[in-house]
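Here is how names work: the chains are called A, B, and so on, in the same order as the sequence lines, proteins then strands, and each is numbered from 1. The structure displayed is predicted, hence computed values, not measured ones.
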2 protein chains.
Amino acid sequence: MAEESVQVCLCPLEGVIDTISKKWALLIINILGNHGRLRFNELMSGLEGISPKTLTDTLHLLQEEGLLRREAFAEIPPRVEYSLTADGGELLAAIRPLIRWAARREGFSETGCSPHCRRGPGHHGRKGKPVKSA
Amino acid sequence: MAEESVQVCLCPLEGVIDTISKKWALLIINILGNHGRLRFNELMSGLEGISPKTLTDTLHLLQEEGLLRREAFAEIPPRVEYSLTADGGELLAAIRPLIRWAARREGFSETGCSPHCRRGPGHHGRKGKPVKSA
DNA sequence: CGGGATCCTAGGGGATACTG
DNA sequence: CAGTATCCCCTAGGATCCCG
């Protein structure tokens with residue numbers, strides 16, 4: 001097999017796996033890619049279901065990875081904006097094929113649910129992890 | 001923002017995230033894609049570091065997802081071979097951009113380490129999670 | 001050889017309360 | 001507003017043993 005291309009080793013993936021494995025990471029990358037710059041609470045509502053701790057945590061991680069940029073303004077009230085770096089944008093582009101593949105598999109129209117479905121109440125609860133409202 | 005393409009929602013990703021999040025899933029998909037068909041212990045050595053339970057577990061998951069096929073031969077000694085399904089192959093193709101992106105980021109040559117580096121001693125231990133041999 | 005059953009652990013992630 | 005700190009729970013995943 002593998003006649004369709006060279007054999008690709010997963011070594012490079014090692015570094016990415018723990019990033020994309022971070023349940024919310026891709027969500028953040030994506031929402032940020034779609035909206036440009038967002039503030040903490042905008043992300044909170046956009047992701048709806050994430051806890052502040054987890055958001056902060058993931059945000060820090062992505063920041064360290066150089067995927068997103070954090071800009072704080074010393075104002076009252078405080079304002080902090082997050083946006084993708086070039087790297088983050090490339091990551092977003094890189095996972096698009098994956099999204100399309102997933103979309104085809106699950107019968108999503110993919111472009112038809114942009115505005116409303118970025119919030120996922122039962123996000124990861126598909127297997128047997130009720131969100132709480134269940 | 002998002003001028004390069006339509007806004008992509010992550011709904012479809014919900015289903016994929018828990019697959020790609022499975023630390024070893026992509027490794028298995030890839031190794032299987034490169035080697036065609038592999039037996040349990042071949043996977044064990046190829047992944048080197050995975051526990052039989054986890055391998056079995058992940059194998060089952062991927063099987064249920066229809067990404068790989070399991071063929072058991074009633075012989076002595078028993079032989080079981082795993083190979084990608086068409087879907088699995090598509091997934092592999094879908095994550096290639098991701099791999100290339102990761103490879104570029106980390107300075108891998110990506111095609112230069114195929115034969116030897118599919119085993120990762122310190123696979124996920126990059127951040128501070130020594131494998132045990134450390 | 002393949003892999004199921006069991007046990008155990010680290011830590012990811014949610015909730016809540018509190019602070020700068 | 002934008003976090004941080006704390007607590008707790010739960011699941012993924014490693015180790016081990018054993019069976020077909």
For A/S51, check side-chain hydrogen bond (donor to acceptor under 3.5 Å, both in side chains) against everything at least two apart and list the hits. A/T54
To the nearest angstrom, how far is B/W24 atom CH2 from D/dT11 atom P? 22 Å
Of all the nucleotides listed (D/dA2, D/dG14, C/dG13), which has the minimum atom distance to the side chain of B/T54? D/dG14
Between C1' of C/dG12 and CG of A/L27, the distance in whole Å: 15 Å
In whole angstrom, give the distance that lies between atom CD of A/E48 and atom P of C/dG14. 13 Å
Is there a side-chain contact between B/F40 and B/T56 (heavy atoms, below 4.5 Å)? yes
Where do N or O atoms of nucleotides 4-7 of chain C meet protein N or O atoms at under 3.5 Å, pair by pair?
{"from": "C/dG4", "atom 1": "OP2", "to": "B/H60", "atom 2": "NE2", "distance (Å)": "2.6"}

Value in whole Å for how far the P atom of C/dA15 lies from CG of A/L55: 13 Å
Within this structure, what is the CG-to-P distance between B/L61 and D/dT11, rounded to whole angstrom? 15 Å
Got a second to check how far B/D87's CG is from A/R105's CZ, nearest 0.5 Å? 4.5 Å
Intra- and inter-strand pairing of DNA chain D, written as dot-bracket with Watson-Crick and G-U pairs under 3.5 Å and | for the latter, reads ||||||||||||||||||||
Using only side-chain N and O atoms of A/R39, determine if any of them is under 4.0 Å from OP1 or OP2 of D/dA2. yes
Over how many whole Å does the gap from A/M44 atom CE to C/dT16 atom C1' extend? 12 Å
Whole-Å gap separating P (C/dG13) and CD1 (B/I17): 10 Å
Going by side-chain contact (heavy atoms from CB on, under 4.5 Å), B/I28 matches just one of B/L55, B/L67, B/L38. Which one? B/L55
Would you call A/T19 and A/L26 a side-chain contact if the rule is heavy atoms closer than 4.5 Å? no
Report the residues that fulfil side-chain contact (heavy atoms from CB on, under 4.5 Å) with A/A72, sequence neighbours left out, ordered by chain and then residue number. A/R70, A/V80
Across all chains, not counting sequence neighbours, the side-chain contact (heavy atoms from CB on, under 4.5 Å) partners of A/P78 are none
The salt bridge (Lys or Arg N to Asp or Glu O under 4.0 Å) partners of A/E90 (sequence neighbours excluded) come to B/R104
From CG of A/L47 over to C1' of C/dG14, roughly how many Å is that when rounded to an integer? 14 Å
Side chain of A/K23 (C-beta onward), nearest among C/dG13, C/dG2, D/dG13: C/dG13
Result for 5'-nearest mapping on DNA chain D, choosing between A/L59 and B/T58, is A/L59
Is any side-chain heavy atom of B/S21 closer than 4.5 Å to a side-chain heavy atom of A/K23? no
Applying salt bridge (Lys or Arg N to Asp or Glu O under 4.0 Å) as the test, list every pair that has at least one member in residues 49-64 of chain B; sequence neighbours left out. none
Measure the shortest side-chain to side-chain distance between B/R96 and A/P97 over non-hydrogen atoms and say whether it is less than 4.5 angstrom. no
Tell me which residues in residues 71-80 of chain B put a heavy atom below 4.0 Å from DNA chain C, sorted by number, or none. B/P77, B/P78, B/V80
Run the side-chain hydrogen bond (donor to acceptor under 3.5 Å, both in side chains) test against B/R79 and tell me which residues pass, sequence neighbours left out. B/E75, B/E81
